[in-house]
Student: 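One structure, pasted below without further comment.
This structure is a prediction, so every number in the text was calculated from the model and none was measured.
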Amino acid sequence: MASHFHVPETIEDALRLRRELHGAASFLAGGTEVNNRKAKEAPEHLVWLGRLGLGGITHRDEGVSIGAMTTLQEILESEIIHPAIHQATSNHANRNIRNVATIGGHLGVCRSCADLIPVLLTLGARLRVATDSGEIERDLESWVLGERDGIVLSVEVPDPPGDLRIAIENHSRTANDLSLIAAAVSLRNDAGRVRNAIVAVGGVSRTVIRLRPVEAALDGRPLPARHEVEALVAAHVDPITDIRGSAAFKRHLAATLVERALRSAWNQEGCR
Amino acid sequence: MRFTVTLNGSPRTIEAEAHEGVKDVLRREGILSVRAGCDGEGTCGSCAALLDGRLVNTCLLVMGQVAGRDIRTVEGLARPLELSALQAAFVDAGVVQCGFCTPAMLMAIQELLEKVEAPTRAQVRDALSGTFCRCTGYEQVYNAVELALKRRRDPSYKGFIAPEFRQDLRHVGKNRRKVDGYQLARGAAAFVEDRVRPGHCHLKILGSSHAHAYIKSIDTSRAETLQGVVLVVTHKNCPDVWYNAAGQGFPEPSPYDRKMFGEKVLHVGDRVAAVVAETEEIARAALGLIEVEYDVLPPVLTIDQAKAPGAPILHHSKVEYVVGAPADLDAYNRSAEPRDGRIIYQFPIQADPHSNLAASVSGGIGDIDKGFAEAEVILEREYETSQVQCTPLEPHVVYTRMEADRLVIHASTQVPWHLRRIIGRILGVPENRIRVVKERVGGGFGAKQDMVLEEVAAYCTWVTGRDILFCLTREEEFIASRTRHVMRVRIKLGARRDGSLTAMYMDLEANTGPYGAHCLTVPMNACSKSLPLFMCENVLFQVHTYYSNIPPTGAYQGYGAPQGSFALQLAAAELSDELGIDHLAFLEKNRVRDGSMLEILRCLGEGREGIPQKVFTCGLGPALEQGSRMLEWGKRDESTDPDVKIGKGVVIVQQGSGLPGLDMANAAVTMFGDGTFMLLSGGTDLGTGLDTVVVKIAAETLCTRMEDVSVIAADTDVTPFDTGAYASSGTYFSGGAARNAALEMKRLLLREAAQMLGEPEENLRLEFPSRVMSRSGCFVTYEQIARRTQSGTGNGQLTASGRFISDKASFPYGAHFCEVGVDTRTGKVKLHKYYALQDAGTPINPELALGQMFGAVLKTVGHSLYEEMLLDEQGRCLNANFVDYKVPQMGELPDDFQAILIETDDPFGPFGAKSISEISCNGAAPCIAAAIHDAVGVWIRTWPFTPEKVLRALGKLAT
């Protein structure tokens with residue numbers, strides 16, 4: 001359990017605290033991860049981001065900006081958020097957790113089974129991040145796969161083009177469980193051909209990943225038959241066996257869920 | 001630091017550290033309703049409160065996050081002596097059982113109703129999505145919400161809560177606010193943890209890190225010298241008394257095969273040492289200072305490993321018998337290993353511990369060979385069940401203290417008297433020096449039928465004189481309390497082509513884990529609560545129970561019957577399929593009915609000769625008829641989703657109503673000066689509504705108002721003896737005792753009234769409310785009788801006692817129906833419909849009876865679809881928490897979930913009542929498995945039926 005609690009009033013102070021305390025400090029957003037008493041490593045210092053004015057969802061010129069301290073329940077209740085994000089958010093844990101967990105914390109912890117990351121990838125979300133060398137903008141995929149330094153200030157979700165089709169699928173053991181596999185896809189149907197497909201899957205790797213070879217294989221042709229798509233996906237995921245399922249099961253599930261999401265997106269009348 | 005918050009509407013300044021957990025601080029501030037069930041992992045929701053109007057788990061927040069904010073808990077919902085409309089609706093709807101999670105549920109719905117005018121079912125489901133309740137099965141929350149909403153407009157609105165029974169009776173069979181509802185819905189002090197006094201010590205256990213090992217050496221010196229450590233106990237300084245922890249009637253059919261601390265540890269988490277310290281932190285620190293050297297032995301984890309030639313032996317002990325020692329005992333004991341200690345059997349249970357055999361039994365009726373020879377179709381199958389945990393929301397907890405020279409034990413137990421007896425023996429203290437007070441129990445489910453931690457705290461208090469709180473963590477609850485026995489059941493059935501059974505053979509092997517608590521009786525009950533459902537002349541059963549190094553097993557609601565029922569009912573479904581006979585028609589043809597004679601029970605008597613029973617009332621006929629109509633049995637349904645196949649299942653179930661010839665209950669009624677009564681009941685209410693049952697029965701018998709009968713129950717100093725709450729005995733036995741005590745009080749009332757009125761007793765009768773009426777039209781009130789009997793010339797205060805024993809078994813029967821949708825691509829099984837129809841005789845508390853049924857079904861949907869303890873090769877549990885071990889919650893409710901009470905009038909139970917509690921645990925696994933087969937054509941013979949298993953059965957997974 002932590003023994004110090006810091007309440008910085010500015011981003012600069014927050015970054016400075018973290019810098020000065022080296023590895024002994026953790027940023028604290030909602031607390032559903034950091035305050036978990038069963039967490040393996042408890043930080044000595046908590047640097048709470050609750051006084052930095054990072055909440056709120058606003059519509060900007062070409063998209064929606066979600067402040068990092070926005071809770072998942074606030075996202076679910078917002079009327080200007082894309083319905084696919086709503087759907088992914090509703091899959092996340094339960095009401096008690098969604099009332100506290102924040103989108104910033106969700107991205108900071110960046111679990112493999114994070115429910116919102118696949119759908120945000122399909123929407124081309126970008127992050128505003130405060131770092132020691134100033135504020136930068138990063139695309140979500142680089143954040144997920146790369147170094148996660150700094151404080152996420154907001155998630156910028158561009159308004160999708162009118163013909164973008166999005167679908168998500170997930171599987172969890174019980175409604176309250178972490179997603180075992182979470183998949184999201186987006187694509188355009190260009191005169192009967194798949195274009196600009198994004199296929200993102202959680203639960204098959206250390207983080208959520210995009211299946212770029214699958215995206216490429218689908219490009220420029222009608223969506224192939226079910227078994228072909230499933231085989232394609234299965235060939236490009238490499239999950240591990242753990243107590244929640246064997247690798248074979250997870251591979252099968254990823255193939256099934258991605259195929260379902262692709263089929264569902266493909267068959268949509270239009271979008272949004 | 002000082003924090004100012006608004007707590008339940010008033011500003012409050014709180015002294016705390018910014019990094020301190022909000023739940024702990026709130027409890028310190030006297031807010032008891034925020035409770036702990038998951039070690040601060042945030043998965044159970046028991047600590048929920050509203051923060052700025054939103055439901056949050058207070059265990060996941062630290063004080064710095066809530067400074068200046070608005071916190072509301074259930075304590076703020078109503079003024080003293082009142083319930084808010086929502087609290088009242090919860091109690092009225094029967095959705096308050098053990099009450100441990102009730103405050104959390106209430107705050108969840110409070111948030112919902114503040115935000116949404118008229119919530120939909122989906123919104124109710126979402127509101128409760130983070131609250132884990134193991135008792136109620138959630139379904140009645142919908143009724144509670146509806147009641148609360150209707151009462152906004154019409155405060156007197158009663159609405160339909162549950163069907164009522166017995167129009168000739170005033171209280172029995174009617175929906176009445178449960179007597180502890182007020183206390184529990186207000187989140188008032190009720191549970192063991194609410195009883196602690198300042199300055200108490202904490203007890204922590206050092207658990208073994210090995211599944212099977214000798215303790216080669218143990219050095220506690222560094223721990224003992226740590227400032228704040230009061231006592232360290234190990235096998236070296238604990239009492240040298242061998243006992244069994246099962247809370248069963250004496251003499252127990254379980255071996256005395258353990259000491260408080262053994263020189264040999266037999267499972268991961270087994271007791272190595274106990275530390276008593278001034279604070280929890282010091283106790284934990286001291287555990288880390290104990291140095292233990294183990295001599296590690298290979299672990300035995302499965303039945304096959306346990307019975308293999310040359311297997312490591314868990315109890316190579318010196319064996320003793322109180323009665324019935326075999327002639328060759330000395331030779332048997334020659335090879336005993338001194339470090340393994342002793343085993344004392346009260347009487348033989350056909351054990352061979354030097355071969356890991358904990359107990360065995362066999363028996364039968366008719367001629368099994370003849371039965372199979374007559375069969376035209378023979379089916380042989382094998383079924384397996386995995387280990388599941390009871391998961392009471394309140395982990396095992398005890399608070400012990402001295403009062404002068406007497407030991408007081410505040411316990412969360414199902415068996416206060418067994419606890420007193422066993423602890424008295426271990427401490428060498430007579431029973432009159434020990435008081436066990438059963439507090440409100442935050443879920444028992446069988447896990448609290450055993451003495452899991454009480455004797456350690458009791459001993460430590462006895463030798464130190466200190467108040468001691470000992471509470472298991474959730475992880476300890478998984479690995480060191482009690483679980484359902486693992487079983488492998490081979491079934492062989494013979495039948496004629498017309499579907500009539502000619503022979504039934506049940507070969508059952510059970511894995512009891514490290515100690516033999518219930519090792520004979522749980523596996524035996526798997527036979528005795530499943531075989532008598534079918535009328536067959538030739539029956540043979542065999543039971544073998546083995547020791548192993550898995551986490552301990554024991555009693556779990558259903559007591560073996562869910563496993564036995566899974567095997568036999570599913571085999572019956574498979575046989576029907578093989579015969580080409582409709583499953584329902586097969587059940588109808590072979591089932592038990594009114595008047596059936598159950599000869600098989602002669603050989604199923606818990607270690608002694610059993611009593612064959614005649615079935616006086618059996619509600620299976622109407623249950624099957626009504627259930628098949630509700631489910632439209634025989635009609636094939638198609639899903640709109642081509643990937644989903646729909647199937648239906650049916651099973652029949654039974655249980656008992658206590659143990660005839662073994663159980664005993666007592667009660668006493670005392671009249672107060674104004675004609676009201678105090679009922680002293682030995683019965684142990686676990687949230688099941690037993691206190692309400694006994695009050696109703698007494699008030700009904702005495703023609704008085706329920707509120708004129710108060711109850712004190714299960715306090716060994718105050719109330720008379722009762723064997724305890726297990727084997728579905730509460731209503732039948734404890735209720736029967738209350739009935740007999742009240743009948744005795746009635747006799748006294750008539751005697752006194754006869755003297756006062758100068759009329760013969762035969763002219764008098766009790767009349768509601770609270771008077772004795774004569775045929776002549778004269779009457780005396782109970783108050784007049786009380787004043788007179790308690791006057792200087794009176795006969796003395798009226799006190800009456802009654803006991804209940806029985807050699808008759810009143811069996812509750814039931815039929816369960818379900819419809820599932822199986823996703824053939826993901827393997828996921830979704831429950832569309834689940835109907836539990838149960839014959840409970842006269843349901844005394846109808847709304848609570850339904851709640852018990854919903855809860856039992858949902859609990860066992862757990863082991864059918866989701867729950868399973870996973871062990872690695874070293875016997876370590878890999879999922880001893882609620883993140884990894886998934887239990888069904890609100891989101892897993894069947895879309896259409898109904899519990900139906902089938903009324904019968906039992907000739908022996910009080911007002912015709914039979915039991916409720918366990919029976920509805922026996923249907924889910926076989927019913928769902930049969931429905932899966934109906935949907936996709938595969939039989940899955942091991943629970944849980946996970947998506948992965950379904951896909952494998954469908955041949956869709958490469959191995």
Student: Looking at B:D884, B:V883, B:V887, B:V56, which makes the most heavy-atom pairs under 4.5 Å with chain A?
Tutor: B:D884
Student: Looking only at heavy atoms, what is the nearest atom pair of B:Y866 and A:R173, with distance?
Tutor: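 So the minimum-distance heavy-atom pair works out to CE2-O, 3.4 Å.
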Student: In terms of heavy-atom contacts, does CZ of A:R16 have more than 12 from other residues, nucleotides or ligands at under 6.0 Å?
Tutor: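 Enclosed: over 12 neighbouring heavy atoms sit under 6.0 Å from CZ of A:R16.
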Student: Regarding A:R95 and B:D126, does a basic nitrogen lie under 4.0 Å from an acidic carboxylate oxygen?
Tutor: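 Salt bridge flag = yes for B:D126 with A:R95.
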Student: Under a 4.5 Å heavy-atom cutoff, which of B:K956, B:E20, B:E111 has the most pairs with chain A?
Tutor: B:E111
Student: Which atoms form the tightest heavy-atom contact between B:E948 and A:S246, and what is the distance?
Tutor: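 That closest heavy-atom pairing would be OE2-OG, 2.6 Å.
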Student: In terms of heavy-atom proximity below 4.5 Å to chain A, should B:E892 be classed as side chain, backbone, both, or neither?
Tutor: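 The side chain, not the backbone.
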Student: As an exercise: rank A:R51, A:K250, A:E77 by heavy-atom pairs under 4.5 Å with chain B and give me the winner.
Tutor: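 Going by pairs under 4.5 Å, I would pick A:E77.
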Student: Looking at B:M890, B:E17, B:K828, which one has more heavy-atom pairs under 4.5 Å with chain A than the rest?
Tutor: B:K828
Student: Report which part of A:R251 has an atom under 4.5 Å of a heavy atom belonging to chain B: side chain, backbone, both, or neither.
Tutor: neither
Student: Checking A:V7 against chain B: side chain, backbone, both or neither under 4.5 Å from a heavy atom?
Tutor: neither
Student: Looking at chain B, which one of A:G50, A:G30, A:G245, A:A93 has the largest number of heavy-atom pairs inside 4.5 Å, strictly under?
Tutor: A:G30
Student: Check whether A:H6 gets within reach of chain B through its side chain, its backbone, both or neither, counting any heavy atom under 4.5 Å.
Tutor: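 Nothing of A:H6, per the 4.5 Å heavy-atom cut-off to chain B.
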Student: Between chain B and each of A:L46, A:D177, A:T32, A:T71, count heavy-atom pairs under 4.5 Å; write down the option with the most.
Tutor: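 With the most close heavy-atom pairs to chain B, the winner is A:D177.
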Student: Knowing that exactly one of B:N57, B:L61, B:L51 qualifies, which makes a side chain to side chain contact (heavy atoms under 4.5 Å, CB included) with A:V100?
Tutor: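 Exactly one pass, corresponding to B:L61.
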Student: Tell me the closest heavy-atom pair linking A:F5 and B:G64, and the distance in Å.
Tutor: CE2-CA, 3.4 Å
Student: Need one label for B:L55: side chain, backbone, both or neither, based on atoms under 4.5 Å from any heavy atom in chain A.
Tutor: both
Student: Show your working on side chain to side chain donor-acceptor pair (under 3.5 Å) between B:Q889 and A:T174 and close with a plain yes or no.
Tutor: CA-CA 8 Å; B:Q889 292 182 219; A:T174 64; over 6 Å; no
Student: Would you say the side chains of B:E41 and A:N36 form a donor-acceptor pair under 3.5 Å?
Tutor: no
Student: Please identify, among B:G891, B:P947, B:A48, B:A127, the residue contributing the most non-hydrogen atom pairs under 4.5 Å to chain A.
Tutor: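 It is B:P947.
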Student: Please find the pair of heavy atoms, one from A:H171 and one from B:T826, that lie closest to each other, and give the distance.
Tutor: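 Shortest heavy-atom contact: ND1-CB, 4.3 Å.
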Student: Where does A:I181 contact chain B at under 4.5 Å (heavy atoms): side chain, backbone, both or neither?
Tutor: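 It is neither, since no heavy atom gets under 4.5 Å.
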Student: Select one option (side chain, backbone, both, neither) describing which atoms of A:E169 are under 4.5 Å from chain B's heavy atoms.
Tutor: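 Neither part.
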Student: In terms of heavy-atom proximity below 4.5 Å to chain B, should A:S90 be classed as side chain, backbone, both, or neither?
Tutor: neither
Student: Decide if atom CZ of B:R2 counts as having more than 12 heavy atoms of other residues, nucleotides or ligands within a radius under 6.0 Å.
Tutor: no
Student: Is any residue of residues 230-244 of chain A within less than 4.5 Å of chain B by heavy atoms, and which ones?
Tutor: A:E230, A:I243
